[in-house]
There are 2 protein chains.
Amino acid sequence: MTKRPTSPTGRPWHAAWLPDEALRPAGRRRVRLLADGDDPVLTTLRDELVRATGLHGGAVVHDERAHLTLALASDARVLPALSGAAGRALDLVRRPGVDGELGRQGFVVGRDGEALVVVAATPVGLLAGWHHVLRTGEPLFDEQVFDGVSGLVEHLPAVAIRKLDHWDNIAADSPMGPVERGYAGASLWFADGRLRDDLTRVHDYARLLAHVGVNAVCVNNVNVHERESALLTSGLDQVARLAEVFRAQGIRTYLAVDFAAPITSGALTTSDPLDDDVRAWWADAAAGVHAAVPDFGGFVVKADSEGRPGPFAYGRSHADGANLLARALAPYGGTVFWRAFVYDHRQDWRDRSTDRARAAYDHFTPLDGQFDENVVVQVKLGPVDFQVREPLSPLIAAMPRTRLAMELQVTQEYTGQQRHACYLAPLWREALDFRPWGPLDPARPGRTVADVVRGDGTLAGALAAVANVGDDPFWTGHPLAQANLYAYGRLAWDPTLAPSALLDEWLALTFPGCDERVRATVHAVLDDSWRVYESYTAPLGVGFMVKPNGHYGPDVDGYEYSPWGTYHFADRDGIGVDRTRATGTGFTGQYPAPWCDVYESLDTCPDELLLFFHHVPYTHVLHSGSTVVQHVYDTHVAGAQATERMRETWREVRGLVPDAVYARVAERLDEQVRSAAEWRDQVNTYFWRKSGIPDPAGRVIP
Amino acid sequence: MTKRPTSPTGRPWHAAWLPDEALRPAGRRRVRLLADGDDPVLTTLRDELVRATGLHGGAVVHDERAHLTLALASDARVLPALSGAAGRALDLVRRPGVDGELGRQGFVVGRDGEALVVVAATPVGLLAGWHHVLRTGEPLFDEQVFDGVSGLVEHLPAVAIRKLDHWDNIAADSPMGPVERGYAGASLWFADGRLRDDLTRVHDYARLLAHVGVNAVCVNNVNVHERESALLTSGLDQVARLAEVFRAQGIRTYLAVDFAAPITSGALTTSDPLDDDVRAWWADAAAGVHAAVPDFGGFVVKADSEGRPGPFAYGRSHADGANLLARALAPYGGTVFWRAFVYDHRQDWRDRSTDRARAAYDHFTPLDGQFDENVVVQVKLGPVDFQVREPLSPLIAAMPRTRLAMELQVTQEYTGQQRHACYLAPLWREALDFRPWGPLDPARPGRTVADVVRGDGTLAGALAAVANVGDDPFWTGHPLAQANLYAYGRLAWDPTLAPSALLDEWLALTFPGCDERVRATVHAVLDDSWRVYESYTAPLGVGFMVKPNGHYGPDVDGYEYSPWGTYHFADRDGIGVDRTRATGTGFTGQYPAPWCDVYESLDTCPDELLLFFHHVPYTHVLHSGSTVVQHVYDTHVAGAQATERMRETWREVRGLVPDAVYARVAERLDEQVRSAAEWRDQVNTYFWRKSGIPDPAGRVIP
């Protein structure tokens with residue numbers, strides 16, 4: 001048994017990146033807050049300042065002799081010396097459309113003589129500024145930081161809505177467990193079939209999210225079953241209690257809703273989006289939830305997807321469906337996140353003409369321009385389903401007149417389920433940096449996915465991610481998986497941050513003042529861990545060689561004859577999915593140039609996506625110079641070896657991190673080493689038995 | 001939704017083979033019972049006679065003018081004219097050892113002038129005689145039936161204990177469901193975590209079992225968990241209530257027990273069979289259960305098997321373990337059924353030297369002669385696990401000094417789970433008829449497995465089977481699966497009965513007076529259904545191409561990289577398990593001559609077991625003249641076609657059987673057709689992709 005982690009706060013869960021030590025930048029300093037009123041976020045900020053200064057020998061002051069001043073731009077007491085910062089903050093929010101919204105959430109950092117000042121136009125922006133001070137720490141107070149930057153630095157989030165989707169179930173006996181695809185214990189807020197009485201931990205969680213910039217939380221599973229659907233009606237008191245906790249950290253609460261709710265939670269016999277009674281039902285529901293939760297964020301919807309009800313049942317489009325909900329929410333400023341994860345999950349494996357990868361694009365591009373302005377279409381990063389390696393979903397580049405969110409998966413469903421160390425920031429950075437129109441984008445040179453989801457004009461986009469937390473003492477099962485949650489929030493705020501730098505941030509906060517060996521070790525374990533995971537699992541972008549249902553561990557043919565549309569078509573001669581326009585499913589044609597041609601041709605298709613786009617012989621020679629089968633053998637052996645090195649490396653920090661953290665990570669690494677060897681052997685044996693080609697390196701394949 | 005079946009008894013479950021109509025042989029006849037006392041079986045018999053005559057216009061009489069006399073041989077009123085039968089009945093029980101025990105359960109049928117007489121030495125024998133009259137019906141009263149058989153016919157069961165094992169769980173949330181490997185609803189006697197209050201249905205079930213001759217029922221799952229283990233201690237009142245119902249039908253109640261019960265249910269820290277406290281604990285437990293259930297049958301034990309505790313933990317043998325329990329039960333006449341299903345269920349799939357098929361023999365043959373006389377070693381029919389086709393377990397021929405039971409599986413875990421029609425009597429008959437020492441058995445010419453499990457001298461053997469019933473209205477999910485339960489009991493009584501004749505018996509009782517088309521149709525559906533199921537599933541004895549865990553539907557590689565020891569080793573060149581002595585695991589050496597040589601050689605190994613014993617190229621030519629791969633293609637296409645014909649055929653009886661029966665069978669046949677096509681396509685595609693050999697018949701393989 002692993003010991004319970006000790007927390008500086010004395011709570012029986014780990015402090016993650018906000019241990020009391022992390023509040024030290026306020027230490028021995030005089031801090032002043034220029035903002036009045038009982039706004040809950042201001043109240044939170046006041047409490048934070050009192051606590052931080054109290055813990056570390058500073059003081060909250062009310063005069064001008066502060067080392068740090070946090071001020072609302074509109075505060076009458078904003079001193080002349082701060083007016084530049086105040087004016088800048090006000091300028092930000094006065095920009096039109098998307099820019100103004102981002103400005104409301106941001107802050108300006110400047111100096112007033114010897115003192116540091118943070119000015120924002122809203123309490124939320126000011127709280128973000130305070131967390132920035134904590135994170136940036138002592139150097140922020142150094143004069144040279146401001147040299148050459150005119151004394152004032154703006155900090156704005158890249159996207160307006162930075163959301164976490166919790167796939168939490170209320171029903172204690174839910175067949176997918178308390179958290180669907182959760183690997184860190186039960187729900188933080190639901191237990192025994194209802195909201196927990198004690199929300200202390202939710203408060204701590206919300207504070208962690210506020211620190212990294214998450215400002216939207218959907219509190220229940222997108223697969224909405226009966227008990228969870230009732231949150232919208234008879235369960236509103238529970239939603240209100242939960243939302244109060246999040247509101248204090250500047251986070252808006254969302255609900256996943258059942259498209260058939262007018263039938264399942266109401267008394268109607270239809271959920272046809274064009275039916276007047278259905279419209280009225282949703283209008284009532286929206287009014288009800290707004291009355292209980294004045295800052296209610298909106299709905300997240302999985303419709304016509306994997307058996308969930310949706311507008312198709314009535315011959316209506318997904319625009320009809322999304323707009324139905326959007327119009328109900330519009331009077332209250334709510335937003336609908338409508339997932340594009342729509343495909344035929346009862347496919348016949350014999351049918352090679354249907355391609356699940358095509359589905360989202362085929363369903364949604366005809367609807368571009370038809371969605372109301374408070375609808376955001378939420379698109380998974382890849383065209384299939386959160387595999388360790390997929391191309392970017394082409395839908396992200398195909399909806400110029402639609403607000404878009406890209407959905408990431410922080411919970412490691414397909415990347416080791418928080419038993420394997422797999423730092424996902426490099427994967428997300430690759431996606432955010434991707435240029436869907438290539439380097440010579442005709443519309444705007446260098447436009448990236450991050451630019452697309454930021455949005456233009458009034459089309460503010462978003463980032464969404466499936467959360468990876470639970471009531472595990474370490475929040476995330478694997479303590480190092482905290483870094484994924486941390487990095488998600490930070491990248492959503494600033495997609496240009498380097499994964500390695502984010503790891504340094506997380507380390508500095510989580511293990512304050514830790515030995516340099518800790519830093520070096522965590523980097524050695526995590527920096528390359530995503531590619532290591534890729535190397536010993538499904539090769540070359542082929543995906544889905546996992547055990548069905550559970551999705552942990554290898555089963556090379558596990559999905560090969562399933563209805564899920566995820567096949568590799570391996571036979572004795574070769575493997576891969578022909579998605580070319582020339583001879584395959586034509587999926588490559590969903591990409592704009594140059595990618596439609598890059599992926600189409602064997603000459604230019606990147607090795608790591610080869611089997612996603614092409615069916616090739618085992619003897620096909622990669623750009624790397626290796627054959628497919630040799631690449632499989634080599635990478636799988638190397639990947640399993642890398643996990644052994646990771647385990648060795650971790651031993652370096654025994655005694656340098658808390659014992660409970662050390663032990664939990666060590667236990668997980670043991671499992672990763674075991675599992676990686678199993679992956680290596682099953683995959684290599686499979687390819688060997690299929691191809692009959694022995695490993696020229698002479699290694700024995702079982 | 002299927003309509004609830006109507007039952008002549010007015011009960012909301014199907015009457016199976018004892019509808020009131022089936023009691024008609026007593027119709028309009030005068031029936032006399034010569035037996036006094038309040039023995040519960042006699043009470044049952046009296047009730048049966050009153051009911052049968054009352055329903056059909058007959059009468060129970062007390063004078064000599066009876067058409068049918070049922071008499072205990074010892075009854076003082078046995079008339080002179082019956083003395084021949086009475087004497088014969090008494091002779092039977094006076095035979096020594098096994099023969100006498102069988103005599104106590106049997107009966108003699110004879111004539112007294114115009115009247116039919118049934119004489120038995122015990123109430124149980126007499127009840128069996130009454131059911132014989134019901135089953136045999138009108139012809140029994142015809143004079144010519146007795147021509148040439150000296151007027152007296154003995155009816156004795158083939159084996160003394162004819163047991164059904166119920167894998168029923170008490171815990172409502174048991175991970176394997178209310179009945180492990182049950183496909184017919186929940187337990188007949190456990191519900192909501194305890195024994196049901198209303199045991200009416202158990203009474204009906206016991207009556208059905210009495211009719212077919214089952215005389216032992218183990219009421220809980222061999223995987224004994226906490227709640228079920230407590231039946232032996234705090235739950236004895238429940239066992240007593242249940243046993244009372246079975247006792248009235250001449251059936252003894254058994255409990256599956258946890259070998260670690262002294263720890264888990266008691267206060268000990270060991271369950272070492274040589275520990276005095278452990279001995280005392282079991283002695284107390286046996287005394288307790290005997291006090292509550294005076295005719296308690298004994299224990300069924302799964303030890304050191306699939307994670308269950310056992311004597312290995314203490315370095316003791318299975319003889320030590322079994323004898324521990326046997327000595328506790330001995331004072332009360334109880335028996336221990338000790339399962340031989342012991343193997344390494346955490347095998348490394350890379351390890352080809354370990355052979356699960358060898359395990360039972362390797363573990364148990366060294367112990368032959370060491371088991372107490374009230375221990376029966378219970379051996380599964382095949383060496384692996386109830387596959388549709390396996391060779392006979394060699395252990396059955398290897399324990400001459402041990403009482404043996406062969407265990408069959410009536411529940412269709414691997415044979416279609418009562419969604420597929422699969423009449424198993426032909427499989428069981430093949431096993432019972434098998435001659436382990438060949439036709440030239442040096443010890444006794446023509447000795448069969450039925451002879452082995454009958455036993456010699458004092459070594460009475462047994463038959464055991466896993467039950468296939470639940471609280472489904474039809475008892476067995478698939479109404480036609482009732483025939484499997486019927487056939488099991490009848491074969492246990494008389495292993496020489498023809499499967500086809502048993503089906504006629506079942507039909508005549510279950511659908512009394514039914515149209516000849518019903519008979520023809522059920523035969524057309526069931527007679528060959530086992531071989532049909534074999535033909536579209538795992539080919540040539542290779543086994544285990546099923547979906548892991550659930551065991552329903554195809555997954556050709558599903559167990560190939562698992563820890564369960566069930567592999568087929570298919571590569572691009574060939575498939576099968578080399579179990580020869582020459583080059584393989586040596587398993588063939590566990591058989592006596594001639595089978596050790598028959599199976600060893602490709603020249604003589606039967607086609608249907610080829611891949612069980614040999615790894616061969618896909619191009620290997622079978623005795624049938626076909627190659628392996630061609631055989632696979634052909635049989636799978638033909639098998640799937642056969643299920644379509646079964647479905648067509650069933651339509652013939654619409655309106656001729658009760659609507660609910662018709663509809664339920666029709667629904668199951670739809671699923672069988674769908675599933676068989678899935679099996680066909682997955683298996684054929686797998687072999688095609690592996691072998692690269694197209695179907696010369698030109699059929700398109702997906």
Side-chain angles (χ1 to χ4, degrees), chain A residues 171-175 177 346-354 545-550 553-563 567-576 615 617-618 629 674-675 677-694 699-702, chain B residues 171-175 177 346-354 545-550 553-563 567-576 615 617-618 629 674-675 677-694 699-702:
Chain A
D173 59 348
S174 173
R346 295 197 178 151
Q347 191 178 327
D348 187 339
W349 57 269
R350 301 161 191 82
D351 164 24
R352 293 210 187 184
S353 68
T354 301
M545 289 181 168
V546 290
K547 282 209 169 73
N549 309 319
D555 186 346
V556 179
D557 267 0
Y559 276 92
E560 195 55 18
Y561 303 94
S562 81
Y567 315 114
H568 54 62
F569 303 121
D571 61 22
R572 73 201 314 262
D573 300 316
I575 187 170
H615 187 93
Y618 296 116
V629 67
R674 184 208 64 77
S675 176
E678 190 64 28
W679 271 98
R680 175 197 64 205
D681 289 344
Q682 286 200 30
V683 171
N684 284 358
T685 297
Y686 183 94
F687 277 80
W688 175 56
R689 288 189 187 179
K690 269 265 159 68
S691 72
I693 300 170
R699 290 175 298 233
V700 174
I701 299 172
Chain B
D173 59 347
S174 174
R346 295 197 177 151
Q347 191 178 327
D348 187 340
W349 58 269
R350 301 161 190 80
D351 164 24
R352 293 211 187 184
S353 67
T354 302
M545 289 182 168
V546 289
K547 283 210 169 72
N549 308 318
D555 186 347
V556 178
D557 267 1
Y559 277 92
E560 195 55 18
Y561 303 94
S562 81
Y567 315 115
H568 55 62
F569 303 121
D571 61 21
R572 73 201 314 260
D573 300 317
I575 186 169
H615 186 94
Y618 296 116
V629 67
R674 184 208 65 75
S675 176
E678 191 64 28
W679 271 99
R680 174 197 65 205
D681 289 345
Q682 287 200 30
V683 171
N684 283 359
T685 298
Y686 183 94
F687 276 80
W688 176 56
R689 288 189 186 179
K690 270 265 158 70
S691 72
I693 300 171
R699 289 173 299 232
V700 175
I701 299 171

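Proteins get letters first, then strands, A, B, ... in listed order; numbering begins at 1 in each.
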Inset, instruction - Measure across B:Arg350 and A:Pro702 and return the closest heavy-atom pair with its distance rounded to 0.1 Å. - result: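 Reported closest heavy-atom pair: CG-CB, 3.5 Å.
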
Inset, instruction - Would you name the heavy atoms of B:Lys690 and A:Arg572 that are closest together and state the gap between them? - result: O-NE, 2.9 Å

Inset, instruction - Compare all side-chain heavy atoms of A:Val556 with those of B:Tyr561 and state whether any distance is below 4.5 angstrom. - result: no

Inset, instruction - With rounding to the nearest 0.5 Å, note down the distance linking CD in A:Glu678 to CG in B:Asp348. - result: 7.0 Å

Inset, instruction - Starting at CG of A:Asn549, measure out to NZ of B:Lys547 and round the result to the nearest 0.5 Å. - result: 9.5 Å

Legend entry - Pairs of heavy atoms under 4.5 Å with chain B: top-ranked of A:Asp573, A:Asp351, A:Thr685, A:Asp681: A:Asp681

Inset, instruction - Please state whether the side chain, the backbone, both or neither of A:Ser562 comes within less than 4.5 Å of a heavy atom of chain B. - result: neither

Legend entry - B:Trp349 atom CH2, neighbour heavy-atom count above 12 within 6.0 Å: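 Yes.
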
